[in-house]
Number of protein chains: 2
Amino acid sequence: MTMSSAKISAAIDNLKSVGVRITPQRHAILEHLIQSMSHPTADEIYKALEGKFPNMSVATVYNNLRVFKEAGLVKELTYGDSSSRFDCVTTDHYHIICDSCGKIVDFHYPGLDEVESLAESVTGFDVGRHRMEIYGVCPDCKRKH
Amino acid sequence: MTMSSAKISAAIDNLKSVGVRITPQRHAILEHLIQSMSHPTADEIYKALEGKFPNMSVATVYNNLRVFKEAGLVKELTYGDSSSRFDCVTTDHYHIICDSCGKIVDFHYPGLDEVESLAESVTGFDVGRHRMEIYGVCPDCKRKH
DNA sequence: TCTTACTTTATAATCGTTATAATTAGTCTA
DNA sequence: TAGACTAATTATAACGATTATAAAGTAAGA
């Protein structure tokens, strides 16, 4: 059993356990998210699967990404650009994004708990979470310029 | 001379120095951004000024926000929700956002330089900048619930 | 099998933002 | 001040991502 098929089974069990029906479309979207190792947009997923599901509606992709999000399997990444990207939740990590080509690379760093607790004491908020992205130029683009 | 009128003059001088013409609309948008002390959307600015400029086009707001951004006077904040917000650049700071009412509060914290340099060495990127937002529930909303 | 709720599909609607073209206004020079 | 050039504004249409709607299909339980 491969690494990603184990992840897929685990995700499917997770969904089943909260009463989500596993349709062929859902399976395929999940599989694509896990195997692609990238952070695709809804439209990229839609296009990647149109060979297998010529009749699938783009709404199905959006609907199911929402279902996966609600189940905690997927995170929606919203950067400045036009469309959201979707990331399978594995372990917590940040992202570093190339200003030149848009590539997104995972970046592991211990959670910034001190920042959260300071923010809490300074602002009086109950802090729940934070997000951080780092921007720069990736090695490939550095080489090209 | 008030605090904000000094800021407005400084911003206008800045714009003039790079050859940007100061029109009444530009003055008003800038003034609103500086005086409102909030982080308005383009549409909020448009609505706030329609009393003074009944014929102003929404495109004018967008155009000028882009001009201000290019001059380094304004930052565009893109969160998950539908529309961008715009923030006058003063000193560097982060934002803390209420999950319940959407309020955005400035939060000063020393720049996370260590994170940037670690990211640089781990990923091979040339790091230029980062963004961080903290999410939680603001004191007002805590009281209400 | 019947029923019920869920899912997918096709399509239209929505909404923030951008592009276009025409008009207006500022600025420079003669 | 007139004339000419350029930039800015306006009105409007276009665009693209996402969401809503309604109809048709599908799974699962009684």
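Chain naming here is simple, since letters A, B, ... match the order of the sequence lines and numbering starts at 1 in each.
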C/dA25 OP1/OP2 closer than 4.0 Å to side-chain N/O of B/Q25
no
C/dT17 phosphate, OP1 or OP2, under 4.0 Å from B/Y62 side-chain N/O
yes
Between [N] ([atom2]) and [X] ([atom1]): distance, integer Å:
X     : N      : atom1 : atom2 : value
A/L49 : C/dT9  : CG    : C1'   : 16 Å
B/Y46 : C/dT18 : OH    : C1'   : 16 Å
A/N63 : C/dT9  : CG    : P     : 10 Å
A/L15 : C/dC6  : CG    : P     : 16 Å
B/E76 : C/dT18 : CD    : P     : 7 Å
B/R26 : C/dG26 : CZ    : C1'   : 11 Å
B/F53 : C/dT24 : CZ    : P     : 18 Å

Pairs meeting criterion side-chain hydrogen bond (donor to acceptor under 3.5 Å, both in side chains) with involvement of residues 102-112 of chain B, two or more places apart
B/H39-B/D106, B/H93-B/D106, B/H95-B/D106, B/K103-B/D140
What's [X] touching, base or sugar-phosphate or nothing? Going by heavy atoms closer than 4.0 Å.
X     : value
A/T60 : base
A/N64 : sugar-phosphate
B/S84 : sugar-phosphate

Exactly one candidate in B/K75, B/R131, B/R129 meets salt bridge (charged side-chain N to carboxylate O under 4.0 Å, His left out) with B/D92; the answer is B/K75
Any side-chain donor near an acceptor of the partner, A/H130 and A/E116, under 3.5 Å:
yes
For chain A and DNA chain D, what are the first and last nucleotides along the strand, 5' to 3', with at least one atom under 4.0 angstrom from a heavy atom of the protein chain?
D/dA17 to D/dA27
I'd like to know if the side chain of B/E70 and the backbone of B/V67 have a donor-acceptor N/O pair within less than 3.5 Å.
no
Give a yes or no answer on whether the side chain of B/T123 reaches the backbone of B/A119 with a donor-acceptor pair at less than 3.5 Å.
yes
When the ring planes of A/Y135 and A/Y79 are compared, do they come out parallel, tilted or perpendicular, using 30° and 60° as the limits?
perpendicular
Does a side-chain N-to-carboxylate-O contact under 4.0 Å join A/E76 and A/R66?
no
Pick the closest DNA chain D nucleotide for A/R66 and for B/G19 by heavy atoms, then say which residue is nearer the 5' end.
B/G19
Which residue lies more 5' along DNA chain C, comparing B/I22 with A/A59 via nearest heavy atoms:
A/A59
Both B/F86 and B/R21 contact DNA chain C. Which one's nearest nucleotide lies toward the 5' end?
B/F86
